[in-house]
Amino acid sequence: MNSSNNNSEESSKDIIADLQSRNMVVQLAGGDELKSHLATDSRAVYCGFDPTASSLHIGSMVPLLALKRFQMAGHKPIALVGGATGMIGDPSFKDSERKLNSSDVISDWVEQLKPQLSQFLDFDCGENSAVLVNNLDWTKDYDVLSFLRDVGKHFAVNAMIQKESVKQRLEREGEGISFTEFSYMILQSFDFAELNKRYDCTVQIGGSDQWGNITGGIDLTRRMNQAQVYGATLPLVTKSDGTKFGKSESGTIWLDPNRTSPYAFYQFWLGTADADVYNFMKYFTFLSAHEIDAIETTDKASGTKPEAQGILARHVTELAHGEQGLTAATRISEALFSGDINSLTGDDLQQLELDGLPCSSIAADSAGIVEVLVATELAKSNKMAREFLGNNAVSVNGQLVTEPDFQFSAENALQGRYFVLKRGKKLFHLGKLAG
RNA sequence: GGAGGGGUUCCCGAGUGGCCAAAGGGAUCAGACUGUAAAUCUGACGCGCAAGCUUCGGUGGUUCAAAUCCACCCCCCUCCA
């Protein structure tokens, strides 16, 4: 596949080559110099994550796992949470100005992101233990005048407006950019210079949309610290069909199990298109490129359903939610998709609820199917509920239901009180008869 | 402060007095086919069982009738100062 690595022992030490073999390198700032820089010593590598919500989503896993890969190769990862930059909003490749969130909200999100960032990294492994930092720490007390003089002076507006990341925004009809967002690059650049000073951090990684901000930081670090630092960008995950990655019918796939259950998370990966799955394995798992290629070869030769999606789903779910989360997810999946729903015992059904299958109670009498579909959010209006019924899209305990006057009662419940509601092919909900 | 251009249903974007719940595309959802794929085809896509009701930045107004006209207000963009 690639001529420079007929010796796999050697190549595993070359983290850049390793990433390249996984199609994970978009751009390198420093090129060969960066490779030898990384080959000669353990380096501090940083990646920033801004609090734009109370949880990270799966898009953040690529850079986060990349930090982990650097750590496994002997380098020191620095996960930065953007308590400061999150206050400003990164304009890179965004087509419109974003609304600012209050500082209370942002600091709350920062706190929620910290454990998510931490879970993938090792903070107790000696020299190259990970570090978690918040850029608010070195910006909040910096006064405006000093900042403009010390930092701002190093930036040429001429160069800043040439950056591809903001260019389209500046040229876009009907949109503009505020000075606030325009300044984002300066803040992120300053982070790099600051981390270079504090931790001797010499490498920054990020999504390919971060190229402008990373090179800005490289320039600034050279000017402020007279130090040579490097950067690498990772691919933004895209899907072969052009639709947005990381969304499902129920919305964004979050890392927070309270927002996206391990089951829903697992199902998301299981639904990966064949055209994407091998690439995603390279991005999201620690299987070697060789192993992944082997799986692809086997799948292609088998002529039946590929194994890859299942492997991917298991690996990523375990990474994000641990062994327990994975067990719960597969238990639900098996019960709903391959088992006979009617043979589930009361314990099984209870376990499904504990495992995180969406669940709600149904009032004992006068519980019509239409109301229940809406109440359980399987349909978002009565009208849609009726439509689903008419389309043969609804089943209860494995039985197709098409009549809008279907009633729930102890007689047609499983174990006297449970209902497994299904809308469409993949959406399930557990109903419990109340009272 | 001045001049001009805009704000339409999730997104893009038509619509300039009735035929508009509002073209078209995208996204999404369901069904068929399948592998809990892809592609394709069919259907749905404000709410309501229905009669009908509520929408086109906001508030008032003109009119038998407004997303479309008028007034004021809010927000965005461009250029000038």
Side-chain angles (χ1 to χ4, degrees), chain A residues 91 93-100 161 166 168-182 238-253 261 263-281 295-296 298-314 317 329-341 357 368-371 373-374 376-395 398 400-406 420-429:
Chain A
F93 298 99
K94 300 283 186 317
D95 54 15
S96 59
E97 185 86 10
R98 287 191 290 170
K99 237 182 65 208
L100 293 175
I161 61 177
V166 293
Q168 60 182 38
R169 173 82 162 272
L170 294 168
E171 287 165 0
R172 193 180 151 109
E173 188 76 20
E175 288 292 345
I177 184 169
S178 66
F179 180 71
T180 304
E181 284 195 11
F182 188 61
T238 55
K239 294 204 292 178
S240 55
D241 63 6
T243 58
K244 202 168 161 61
F245 169 76
K247 300 271 189 189
S248 76
E249 57 206 44
S250 38
T252 303
I253 306 298
S261 71
Y263 161 69
F265 189 88
Y266 176 85
Q267 284 290 324
F268 169 81
W269 293 104
L270 206 55
T272 304
D274 291 5
D276 294 320
V277 69
Y278 306 101
N279 223 14
F280 285 6
M281 280 201 271
I295 293 167
E296 181 167 6
T298 313
D299 277 347
K300 294 260 155 83
S302 77
T304 59
K305 183 182 172 182
E307 297 295 319
Q309 280 85 351
I311 298 170
L312 175 67
R314 285 193 294 277
T317 306
T330 50
R331 200 153 45 199
I332 300 182
S333 299
E334 261 163 47
L336 296 179
F337 289 98
S338 43
D340 175 9
I341 288 172
L357 182 66
I369 183 75
V370 174
E371 294 74 54
L373 285 172
V374 175
T376 54
E377 293 180 342
L378 290 177
K380 69 178 203 290
S381 67
N382 290 5
K383 198 176 170 172
M384 291 305 281
R386 285 169 201 280
E387 191 187 316
F388 287 137
L389 290 165
N391 283 345
N392 296 338
V394 179
S395 74
L400 190 65
V401 175
T402 55
E403 294 306 316
D405 52 14
F406 177 92
V420 176
L421 303 164
K422 180 179 173 194
R423 189 218 77 199
K425 290 195 172 65
K426 307 179 197 176
L427 204 54
F428 291 89
H429 194 101

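Any value given below was found using the heavy atoms of this structure, including those in side chains, with hydrogens, waters and symmetry copies removed. We name chains A, B, ... by the order of the sequence lines, and we start the count at 1 in each one.
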A:A308 backbone acceptor or donor facing A:D299 side chain under 3.5 Å
yes
Could you tell me whether A:E181 and A:K94 have a side-chain N and a carboxylate O separated by less than 4.0 Å?
no
Measure from NZ on A:K380 to P on B:C45 and round the result to the nearest Å.
10 Å
If you check the A:R423 side chain, which of B:U36, B:A37, B:A30 turns out closest?
B:A30
Between B:G15 and B:A23 - C1' atom distance, rounded Å
8 Å
Length of the line joining A:L373:CG and B:C29:P, which is rounded to integer Å
17 Å
Rounded interatomic separation in angstrom, taking NZ from A:K422 and P from B:C29:
16 Å
Show the numbers, then the answer: is there a side-chain contact (heavy atoms from CB on, under 4.5 Å) between A:V374 and A:N382?
CA-CA 6 Å; A:V374 175; A:N382 290 5; 3.3 Å; yes
In whole angstrom, give me the gap between the C1' atoms of B:U78 and B:G46.
35 Å
When you compare the side chain of A:L170 with that of A:I177, does any pair of heavy atoms fall below 4.5 Å?
yes
From B:A39, B:G35, B:U36, pick the nucleotide closest to the side chain of A:Q309?
B:G35
Calculate the interatomic distance between A:D276 atom CG and B:A39 atom P; express it in whole Å.
10 Å
Rounded to the nearest angstrom, tell me the gap between atom CD in A:E371 and atom C1' in B:C49.
12 Å
In whole angstrom, give me the gap between the C1' atoms of B:G58 and B:C47.
23 Å
Could you give me the stems involving RNA chain B, meaning stretches of three or more consecutive Watson-Crick or G-U wobble pairs whose two defining distances are both below 3.5 Å?
B:1-7 with B:74-80, B:10-12 with B:24-26, B:28-32 with B:40-44, B:57-61 with B:69-73
Nearest heavy atom decides the nucleotide; on that basis, is A:G176 or A:D241 closer to the 5' end of RNA chain B?
A:D241
Please report the interatomic distance OG(A:S261) to CD1(A:I332), rounded to the nearest 0.5 Å.
6.0 Å
Between B:A21 and B:G31, how far is it from one C1' atom to the other, in whole Å?
25 Å
From CG of A:L427 across to P of B:C29 the rounded distance in Å is 10 Å
Under-4.0 Å salt bridge between A:E296 and A:K300
yes
Report yes or no: does A:Q309 contribute a side-chain atom to a donor-acceptor pair with the main-chain N or O of A:V277 at less than 3.5 Å?
no
Considering only the C1' atoms, how many Å lie between B:A66 and B:U54, rounded to the nearest integer?
16 Å
How far does the C1' atom of B:U63 sit from the matching atom of B:G18, given to the nearest Å?
11 Å
Whole-angstrom distance between B:G6 and B:C56, as gauged at atom C1'
14 Å
is_close_aromatic(A:F428, A:Y263), centroid dist under 6.0 Å
no
Quick one, which residues of residues 381-393 of chain A touch RNA chain B with a heavy atom under 4.0 Å?
A:S381, A:N382, A:K383, A:R386, A:E387, A:F388, A:N391, A:N392, A:A393
Any side-chain heavy atom of A:L357 sitting closer than 4.5 Å to one from A:H429?
no
May I have the distance from A:K425 (atom NZ) to B:G35 (atom C1'), rounded to whole angstrom?
12 Å
Donor-acceptor check, side chain of A:T317 to backbone of A:R314, threshold 3.5 angstrom: yes or no?
no
Would you say A:T402 and A:N392 make side-chain contact, with heavy atoms under 4.5 Å?
yes
On RNA chain B, check which nucleotide each of A:Q267 and A:V370 is closest to and give me the residue with the more 5' one.
A:Q267
C1' atom, B:C11 versus B:U16: distance in rounded Å?
24 Å
Return the nearest nucleotide to the side chain of A:P306; candidates are B:U36, B:C47, B:G35.
B:G35
Specify the separation, in whole Å, of atom CG of A:L270 and atom P of B:U34.
20 Å
